[in-house]
> 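Below is a structure I'd like to ask you about.
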Protein chains: 2
Amino acid sequence: MKPVTMADVAALANVSKSTVSQYINNRYDYMSEETKRRIEEAIRQLGYKPNYVAKSLKQKQTSTIGVIVANILHTFSTQVIRSIEDVCREARFHAIVCNADDNPQQEKEYIEMLRAKQIDGLIVFPTGGNIDLYQTMVKEQYPLLFVDRFVKDLPVESILLDNEKASELAVDHLVESGYRKIGMLTTSLHSNITPRIERINGYKKALEKHGLPIREEHYKGVDVRQMDQVLAEMFRLPEPPDALIAGNDLTLMEILKFAKKHNLSIPRQVAVIGIDEVSFSGIYHPPLTTIVQPAFEMGKQAAESLLAQIKGSDRERKEIQRFAPKLIIREST
Amino acid sequence: MKPVTMADVAALANVSKSTVSQYINNRYDYMSEETKRRIEEAIRQLGYKPNYVAKSLKQKQTSTIGVIVANILHTFSTQVIRSIEDVCREARFHAIVCNADDNPQQEKEYIEMLRAKQIDGLIVFPTGGNIDLYQTMVKEQYPLLFVDRFVKDLPVESILLDNEKASELAVDHLVESGYRKIGMLTTSLHSNITPRIERINGYKKALEKHGLPIREEHYKGVDVRQMDQVLAEMFRLPEPPDALIAGNDLTLMEILKFAKKHNLSIPRQVAVIGIDEVSFSGIYHPPLTTIVQPAFEMGKQAAESLLAQIKGSDRERKEIQRFAPKLIIREST
DNA sequence: CTGTTAGCGCATTCAG
DNA sequence: CTGAATGCGCTAACAG
């Protein structure tokens, strides 16, 4: 009873399917006003809706892209997704979003399933664990774009934050404000998640630039669950840091929690600066100085670039685009 | 060069397409070990990947659902989406997520596009502005499920918070703690966004229950941009509230901002309780008492119910499921 | 300007 | 146990 197809409207309108098809897709064809009206009438009367699956099969394109993020719960991810969705809507595309949870196996399954579904392109926050798969895709010229994380030796367009710059901004600001024993904490460095590594590197370079010593005991990359302990150790040091850079929002939370628990006054006893903006930075006590990444612009750029790849416009494509972080000075430093 | 189809593997394996198809879908058929191996070999050698679009066209199901949220940037939405995505993965489904931005027109376009794409079902945070469309879908028995917002007189399975209960919990707690002039603020009540209305209703009922007066000047539903002013007026009252319920997270932020700006001490001068959990509730000064909604469970339930609808299991379906909010007492009350 | 003819890639009878 | 035939709903030449 339900599915009314093109054949039905063709029959009712007394024309052939192809005429209907033409009517649907390109009104510019000059078709007699008469048949036009008849077709229109028929489709209205039948409540006909074209079936895009059939169309996709024929045309080999689904107007759908896939977005594979590490975890949609991260603010950064949701902001990027939001922008992607916005530009997709403009282009009449849809986005399938998937959580890989930093699990290469899961990432792999998603990529394969999505490609089997003939998705037109893929934006991924790569786990870094499927080099072969990535490689296959570039070899096949499949529209692909990485966000947030850098994968070495792979010619894939990538939208990244200038992570070293982010740390540098933090260090510069701290130094200008008179701090000299600047520490940095971030989440685990074990996996090959490049932003974390780059941020640590940027931190070290910036210290050097200012002629400050790099002390092993002042920077750590550890699992969130160990942060409390690591922080405790750091502040038991003969020379504890007088300022702390949080490598990301999760870390910032832990630092704040620690400070609260031990009654460390910010910034009097420790200055704190976070990389990644957090919703409450403005209303915290004290208001938090942060380094924000332009998540929305990054998402927009990612989607636009991917769509450009899909449309096959052979525009210049910068392989790597680094976006500039921005320092927002508040009162925690 | 690229697309290797079933015909190709059939040719290479020296069998017919249907044999390959059978091999792919149901190994249980007893097929000679020999041909099995040959097929396997062929598909490996050719790197054959089945085309789901073709399959979908034939089978009339895409293993894809649509999720239309008001705004993915809300924590609640992202948590719900996260759960949905999780159960979809289990079921080998995919989720297309769309932002309707509380715009009925946009919602409509999405619904139509997604249905044209033969999506198997839809989870929507309804704007409430497309009653006809919703109605059509129920008439067609199209798998559909609403989340967060209630739409009157429509037999659609809905996953909602017990919003009145949320306010009641807040009021009860406040009363127990000795507050008597309890105010409530929330975002605009103009549109038919039911949670806000229900929360206000719950607030009034709870006041009545405790024999407390309902004062017009103590509760407001206004746009975020006007909150600062409204709050100012409230605290200029001869009898300002001694406790404030924030109808959602956005409102909570505004209240906190206001308190900070005017040096209102929480809870000494005003107690504050928020409906909706916020990331910083535990580390704020003071830690914030909140009413949390079980977003993950709600998302999980939504996805499971929708998939059940899709599978056509004629299980009992409660039309409306209200989830219980939970009070987390911290120190802002 | 409109109809005929062929598929897209796969699944499904139905014979052999 | 395997293959030939048919069609899902739509588009795309190519004729008329």
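Throughout, protein chains are lettered first and strands after them, A, B, ... in sequence-line order, and every chain is numbered starting at 1.
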> Please check the phosphate of C/dG9 (OP1 and OP2 only) for any side-chain N or O of A/Lys58 closer than 4.0 Å.
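The answer is no; no side-chain N or O of A/Lys58 sits under 4.0 Å from OP1 or OP2.
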> Nearest whole Å is fine: how far is C/dT13 C1' from B/Gln59 CD?
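From B/Gln59 CD to C/dT13 C1': 15 Å.
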> Kindly confirm or rule out a cation-pi arrangement of A/Arg82 over A/Phe296, judged by NZ or CZ under 6.0 Å from the six-membered ring centre and within 45° of its axis?
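Not satisfied by the 6.0 Å and 45° rule.
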> Kindly calculate the angle separating the two end axes of the helix from C/dC1-D/dG16 to C/dG16-D/dC1, each obtained from five base pairs, and round it to 10 degrees.
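Computed angle between terminal axes is 40°.
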> Counting any heavy atom closer than 4.0 Å, what does A/Asn14 reach on the DNA or RNA strands: base, sugar-phosphate only, or nothing?
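It contacts sugar-phosphate atoms only.
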> Name the residue closer to the 5' end of DNA chain D, choosing between B/Leu57 and B/Val15 according to the nucleotide with the nearest heavy atom.
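It is B/Val15, whose closest nucleotide lies nearer the 5' terminus.
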> Please determine if a side-chain N or O atom of A/Thr35 lies less than 4.0 Å away from the OP1 or OP2 oxygen of C/dT2.
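Yes, within the criterion.
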> Any side-chain N or O of A/Ser21 below 4.0 angstrom from OP1/OP2 of D/dT11?
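A/Ser21 to D/dT11 OP1/OP2: side-chain N or O found under 4.0 Å.
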> Rounded to the Å, how far apart are A/Tyr23 OH and C/dT2 P?
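The answer, rounded to whole Å, is 13 Å.
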> Between B/Val151 and B/Phe146, which heavy-atom pair has the shortest distance, and what is it?
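Reported closest heavy-atom pair: CG2-CE1, 3.7 Å.
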> Please report the C-alpha distance between B/Lys139 and B/Asp132 in whole Å, then the side-chain angles of each, then the deciding distance to 0.1 Å, and finally whether the salt bridge (Lys or Arg N to Asp or Glu O under 4.0 Å) criterion is met.
CA-CA 10 Å; B/Lys139 193 161 21 161; B/Asp132 303 355; over 6 Å; no
> Ignoring the backbone of B/Lys60, work out which of D/dG9, C/dG9, D/dA12 is nearest its side chain.
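Nucleotide nearest to B/Lys60's side chain: D/dG9.
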> Enter the distance from A/Ile111:CD1 to A/Gln106:CD here, rounded to the nearest 0.5 Å.
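A/Ile111 atom CD1 to A/Gln106 atom CD measures 12.0 Å (nearest 0.5 Å).
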> Should B/Glu41 and B/Arg38 count as an ion pair when the cut-off is N to O under 4.0 Å?
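Salt bridge absent between B/Glu41 and B/Arg38.
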> Which heavy atom in A/Met6 sits nearest to a heavy atom in A/Tyr48, and how many Å separate them?
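The answer is N-CE1, 3.5 Å.
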> Would you call A/Lys300 and A/Glu304 a salt bridge, using N to O less than 4.0 angstrom?
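So A/Lys300 pairs with A/Glu304 through a salt bridge.
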> What is the distance, rounded to the nearest whole Å, between atom CE of B/Met6 and atom C1' of C/dC8?
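Nearest whole value for this atom pair: 13 Å.
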> Going by an N to O cut-off under 4.0 Å, is there a salt bridge joining A/Arg115 and A/Glu140?
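A salt bridge is present here (some side-chain N lies under 4.0 Å from a carboxylate O).
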> Does anything in residues 48-56 of chain B reach DNA chain D, meaning a heavy atom under 4.0 Å, and if so which residues?
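Contacts with DNA chain D under 4.0 Å: none.
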> Output yes when A/Asp120 and A/Lys60 qualify as a salt bridge under the 4.0 Å nitrogen-oxygen rule, no when they do not.
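Salt bridge between A/Asp120 and A/Lys60, a charged N being under 4.0 Å from a carboxylate O: no.
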